[in-house]
Structures are given as structure tokens and as C-alpha cells.
2 protein chains.
Amino acid sequence: MPTASVRALEHPTCEEIRLEGVLHALSDPMRLQIVRYLSRLPEGEEAACSAIELAIAKSTTTHHFRVLREAGVVSQVYRGTAKMNALRRRDLDTLFPGLLDTVLRADAAQRRRTD
Amino acid sequence: MPTASVRALEHPTCEEIRLEGVLHALSDPMRLQIVRYLSRLPEGEEAACSAIELAIAKSTTTHHFRVLREAGVVSQVYRGTAKMNALRRRDLDTLFPGLLDTVLRADAAQRRRTD
DNA sequence: CGCTTAATACGATAATCTACGTACTACGAC
DNA sequence: GTCGTAGTACGTAGATTATCGTATTAAGCG
């Protein structure tokens, strides 16, 4: 695994993560799709932004990842030319027990109904 | 209990309720406060819009109740001059099991931390 | 009927959000 | 150094949002 680059990315600390912000971040279909994707990775695994195929422009993708990061939903690190993303599962589970899983299950249920 | 007035209010059916819409409705502090208030009522109880003291103008309150209703989070009926509100607990629990309770618990946890 | 209370409708405004394209930067490979 | 890949920054357009004040409607009461 290549080391992280010097470029730093601002992440909210656990104390700074707000429920409203998390809910807002999750209330967009594109961002929900990103979170769903990341949630399927094995524990500890990361994915590059480009790994998720979204039907939107690249710059818009950047925007959505930023919203997720600033809300405290994902963590991002640069590795080479890639920016790797991971869910902040542990942090979210500590702050808001069960929230992430419940939302993901709700999302799965909705997709089952409407697909 | 007075009967409901003729004035009808549009509510989404269960099939029309979208997870994204629910999360968005819950991602506003004022609306979260309304939902918190309604969640504390005994099962089946309703509250008038005016029962909840919000630090905003009355017309803004109307707006937030409407967002909650259109997202499928609350149901509203006119009774006399009042408009009674209740959480759509049963519907939400059927569609998205555990979501409402988990969000309410997360909200309580956050308040415990930051108060 | 006229008064009061509860809530709405309307119109305005300022902020925020999503989306895009284009130009740019950082990194790794050659 | 040059090239390709990954992602950012910036400016912007269009939509939605949150807020307000004022005028208005509906219901119940005397």
C-alpha cells in the first residue's frame, strides 16, 4: 500500500460531527449510492473516487465526496494520484449507534420495493 | 374529540415515501425538534402546530410542517381551528424498520453530548 | 353577525445546493 | 522532462430552501 501524500484533507473530529449534517449528506441519491458502495467493501478497505461509476460529471463527483467528508461520513486520503475513501463506520457507530446500518437497510428495502 | 374538517391535506402514500425525502426532512434542526416533540406524545396522540414552541415565525413553522408531511414523516388533520399532527410511526416502521427510533436515539445522544 | 384563535397563502429575499465545463495540479511511469 | 491519470478549483447557472412580514381564511364562541 503506497503511503499517503503530503496533501492534507480536513476532516471533522467526532465532536464536530452533527446528526443534521450526516442526515443531510445521506439525503442525496448520488451520495447514498456512494455510501452504499463503500459499505460493501470489506472492513478497512478503501476505494478510489473513480471506482464508483456515477452518471454525473467528474467535478460533481468531487463535490459529493466533499459533502460526505465534511459531514463526517467518509474519510479520504490521497495515495498517489488516487484519493481513497472509506466509511467512518467506527466513528459513526460510536456517535450514533446503529444509524448507518439502519439507513443502509432502509435503502436496501426501498430498492427492493422499487426495482 | 371534534371531527376532522372538510379541508383535506395531501399525504404521500407509503409507496410514495422516499428514504431520501425522509432523511432530508429530518436533516433540519427545526424539523428534528418537531419530530422529537411528536415522538414523546403517547401512542396515537396528536399535537397542534402551536403546541410546539419554535423560535421562528409562524409562517416558517407552517413551512416546516408541510415539508414533514410531504416527506411522509407526519400526518396532519384539521380539527376545528387547529391542525393536529402525529408521527407516521407505523408507516415509517413498516417501510424503514428502526429508522425513526435510531434517528431519535442519535438525536438524544447528540443532545446529551452537546448540552 | 363580529371577535378570537390557528394556521395558510403570498411575495420577497438571501442562502444553499446540484450540476456543469474548463482549466489546473499532483503523482507516477516512461 | 513529458505524458497520462485522478482529482481539484473556479465560475456559473438554475433549483430549492429557509426565513420573514403581511394579508387572508376557517372554525368556534358569544
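All figures in this text were calculated on a predicted structure; none of them were measured in a lab. Numbered from 1 within each chain, the chains take letters A, B, ... in sequence-line order.
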Visitor: What is the distance from OH of B:Y78 to C1' of C:dT5, rounded to the nearest Å?
Guide: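 Taking atom C1' of C:dT5 as the reference, OH of B:Y78 is at 14 Å.
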Visitor: If I take atom CG in residue A:L54 and atom C1' in nucleotide D:dA6, what distance separates them, rounded to the nearest angstrom?
Guide: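 Whole-Å distance recorded here is 15 Å.
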Visitor: Quickly work out the B:E53 CD to C:dA7 C1' distance and round it to whole Å.
Guide: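 So the CD-C1' distance, B:E53 to C:dA7, works out to 16 Å.
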Visitor: Return the residues of residues 59-71 of chain B meeting this criterion: a heavy atom under 4.0 Å from some atom of DNA chain D. Order them by number, or give none.
Guide: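 Of all residues in residues 59-71 of chain B, the ones placing a heavy atom under 4.0 Å from DNA chain D are B:S59, B:T60, B:H63, B:H64.
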Visitor: Applying side-chain contact (heavy atoms from CB on, under 4.5 Å), can you list everything that pairs with A:T60, at least two apart in sequence or on another chain?
Guide: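 Scan of A:T60 (side-chain contact (heavy atoms from CB on, under 4.5 Å), adjacent residues dropped) gives A:I56, A:A57, A:H64.
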Visitor: Taking side-chain hydrogen bond (donor to acceptor under 3.5 Å, both in side chains) as the test, write out the residues that go with B:E15, two or more places apart.
Guide: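 Scan of B:E15 (side-chain hydrogen bond (donor to acceptor under 3.5 Å, both in side chains), adjacent residues dropped) gives B:T13.
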Visitor: Rounded to whole Å, please give me the gap between CZ in A:R79 and P in D:dA6.
Guide: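 Checked: the CZ to P distance equals 17 Å.
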Visitor: If the condition is side-chain hydrogen bond (donor to acceptor under 3.5 Å, both in side chains), which residues does A:Q76 pass it with, not counting sequence neighbours?
Guide: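 Once residues adjacent in sequence are excluded, the partners of A:Q76 under the side-chain hydrogen bond (donor to acceptor under 3.5 Å, both in side chains) criterion are A:R69, A:N85.
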Visitor: Using the test side-chain contact (heavy atoms from CB on, under 4.5 Å), find all partners of A:A48 that sit at least two apart in sequence or belong to another chain.
Guide: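 A:A48 satisfies side-chain contact (heavy atoms from CB on, under 4.5 Å) with A:S50, A:A82, A:M84 once adjacent residues are dropped.
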Visitor: Please report, rounded to the nearest Å, how far the P atom of C:dA19 is from the CD1 atom of A:I56.
Guide: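 Between P of C:dA19 and CD1 of A:I56: 6 Å.
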Visitor: Are any of the side-chain heavy atoms of B:V67 and B:H63 separated by less than 4.5 Å?
Guide: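 When only atoms from C-beta onward are counted, B:H63 and B:V67 do touch, with a gap below 4.5 Å.
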Visitor: Give me each pair satisfying side chain to side chain donor-acceptor pair (under 3.5 Å) with a member in residues 96-106 of chain B, each pair once, sequence neighbours excluded.
Guide: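 Non-adjacent pairs meeting side chain to side chain donor-acceptor pair (under 3.5 Å): A:T102-B:T102.
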Visitor: Residues two or more places apart in sequence or in another chain: which of them pass side-chain hydrogen bond (donor to acceptor under 3.5 Å, both in side chains) with A:D28?
Guide: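 A:D28 satisfies side-chain hydrogen bond (donor to acceptor under 3.5 Å, both in side chains) with no other residue.
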Visitor: A:K58 has an atom NZ; how far is it from atom P of D:dC10, in whole Å?
Guide: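 A:K58 atom NZ is separated from D:dC10 atom P by 17 Å.
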Visitor: Show me, pair by pair, the donor-acceptor contacts under 3.5 angstrom made by side chains of residues 18-25 of chain B, not counting sequence neighbours?
Guide:
| from | atom 1 | to | atom 2 | distance (Å) |
| --- | --- | --- | --- | --- |
| B:R18 | NH2 | B:E20 | OE2 | 3.3 |
| B:E20 | OE1 | A:Q110 | NE2 | 3.0 |

Visitor: Residues from residues 16-39 of chain B sitting under 4.0 Å of DNA chain D, heavy atoms only?
Guide: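 Per residue number, the list reads B:H24, B:D28, B:R31.
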Visitor: Round to the nearest Å and state the distance from A:L9 atom CG to D:dA9 atom C1'.
Guide: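 Going from A:L9 (CG) to D:dA9 (C1'), I get 14 Å.
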